[in-house]
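Reading through the structure tokens given below for one structure.
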Number of protein chains: 2
Amino acid sequence: MRKTFLFMDTIVNKVDAKGRVSLPSDYRAIVKELSTEIVCYRSLTSPCIEGCAEELLEKIAADMETSLDFFSQTQDDLTNLIFGDARRFSFDSTGRILLSEKLLKHAQITDTAVFVGKGRKFQIWNPENWAKEEKRIRQEIMKNRPSLSMKGGN
Amino acid sequence: MRKTFLFMDTIVNKVDAKGRVSLPSDYRAIVKELSTEIVCYRSLTSPCIEGCAEELLEKIAADMETSLDFFSQTQDDLTNLIFGDARRFSFDSTGRILLSEKLLKHAQITDTAVFVGKGRKFQIWNPENWAKEEKRIRQEIMKNRPSLSMKGGN
DNA sequence: CTTACTCTTATGGTATAACATGGGATTTTT
DNA sequence: AAAAATCCCATGTTATACCATAAGAGTAAG
């Protein structure tokens, strides 16, 4: 069976004064498995940091090259937004990454970070914000439960 | 496995009196990795400098040879503009390139340059202009968000 | 069931290397 | 000869690699 590479679980780690955090070991395993790197950027929609394997961005770049027009406005905007914000974060021998000021500020993270798995991606939250968000999501799901169906995608 | 070569992140560097700027080290790494050179030209659509690996222009040229649009007027015009404007910019031992007057003027850059990653390409902006542009893009994207379906999901 | 041991992971501190940037020297161009 | 471009050295700053300790999970033995 093929090894999985899904970001899962919710892990709470300390952020030190320099902005260093241990990347959960499971996440590190994925990076090694894919021989890729972790890439993080500000979430477009939430006050949190979003991360994924660089491999995924590679795919996006490749898709754009072929699907959209080289000179299209939308492509221009999207690439600016995604790649302009994303940055590679490689971890040291002890498994830590150094988060940037920009990201920490966006996610309002000071001394504690919550890693939340999302499959191909993951998010990093401020603990309080995540608590609220999780509650919101659960309520939302319960409300819309009857109309949720598996569409075959995703 | 193949190493990735995506221009990412947003980096602010000083431009000295001679017009020298440090090319962000990640960008330099890509150049070395691909054993190519950096090529820059005036953006066709924005007041900024656009850059990419010379390799990419090679690819575009190759694509056009075989493309159905071989005789397309628009495509002809666009490539004329880009190839006519593009120039190689190699960096010195300290990693700096010397931007030309023409480019600096087009991007209204004087003493500070903002490098914005775009995947296979990157842009160089005047700080104020980029701030405005980033704002514009974020608004635009948020407005059209529902209709944007990326394969990477969101 | 409890205790001791081992291994992995997280975290704090420090040393080292890499980078951006200023200044000057040398070379090339016109 | 003057101007412009390229190269080289010096420095402050920051990120990264490294070492050491602590904490926790899991395992094996008593």
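Naming convention: chains lettered A, B, ... in sequence-line order (proteins, then strands); numbering from 1 in each chain. Because the structure is a prediction, the values reported are computed rather than measured.
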Give a yes/no answer on whether the side chain of A:Ser25 brings an N or O atom under 4.0 Å of OP1 or OP2 in C:dT8.
-> no
Under 4.0 Å between a side-chain N or O of A:Arg28 and OP1 or OP2 of C:dA10?
-> yes
Which pairs count as salt bridge (Lys or Arg N to Asp or Glu O under 4.0 Å) when at least one residue sits in residues 83-94 of chain B, sequence neighbours excluded?
-> B:Arg42-B:Asp85, B:Glu54-B:Arg88, B:Asp85-B:Lys102
Residues 124-133 of chain B vs salt bridge (Lys or Arg N to Asp or Glu O under 4.0 Å), sequence neighbours excluded, gives B:Glu133-B:Arg136
In chain order, what residues pass the ring pair (Phe, Tyr, Trp, His ring centres under 6.0 Å) check against A:Phe83, with sequence neighbours excluded?
-> none
Sequence-distant partners of A:Phe7, ring pair (Phe, Tyr, Trp, His ring centres under 6.0 Å), two or more places apart = A:Tyr27, A:Phe122
Base, sugar-phosphate, or nothing for [X], non-hydrogen atoms under 4.0 angstrom?
X       : value
A:Leu99 : nothing
B:Thr94 : base
B:Ser22 : base

Rounded off to whole Å, could you give me the [atom1]-to-[atom2] distance for the [X] and [N] pair?
X        : N      : atom1 : atom2 : answer
A:Ile97  : C:dT11 : CD1   : P     : 13 Å
B:Tyr27  : C:dC19 : OH    : C1'   : 15 Å
B:Lys14  : D:dT14 : NZ    : P     : 12 Å
B:Arg96  : C:dC19 : CZ    : C1'   : 11 Å
A:Phe115 : C:dT9  : CZ    : C1'   : 13 Å
B:Lys32  : C:dC19 : NZ    : C1'   : 11 Å
A:Leu23  : C:dT8  : CG    : P     : 18 Å
B:Asp16  : D:dT6  : CG    : P     : 13 Å

Which of these nucleotides, C:dT11, C:dT14, C:dG22, is closest to any side-chain atom of A:Arg20?
-> C:dT14
Mind pulling the stems DNA chain D is in, i.e. runs of at least three Watson-Crick or G-U pairs, everything under 3.5 Å?
-> C:1-30 with D:1-30
Residue pair A:Asp92/B:Asp92 against DNA chain D: nearer the 5' end by closest nucleotide is B:Asp92
5'-most contact on DNA chain C: A:Ile11 or B:Val15, nearest heavy atom basis?
-> A:Ile11
List the steps and the verdict of side chain to side chain contact (heavy atoms under 4.5 Å, CB included) for A:Cys40 and A:Leu103.
-> CA-CA 8 Å; A:Cys40 293; A:Leu103 292 181; 4.0 Å; yes
Can you check whether any acceptor in the base of D:dT13 is under 3.5 Å from a donor in the side chain of A:Lys18, or vice versa?
-> no
What residues, two or more places apart in sequence or in another chain, satisfy side chain to side chain donor-acceptor pair (under 3.5 Å) together with A:Asn129?
-> A:Gln108
To the nearest 0.5 Å, how far apart are CD1 in A:Ile49 and NZ in A:Lys105?
-> 13.5 Å
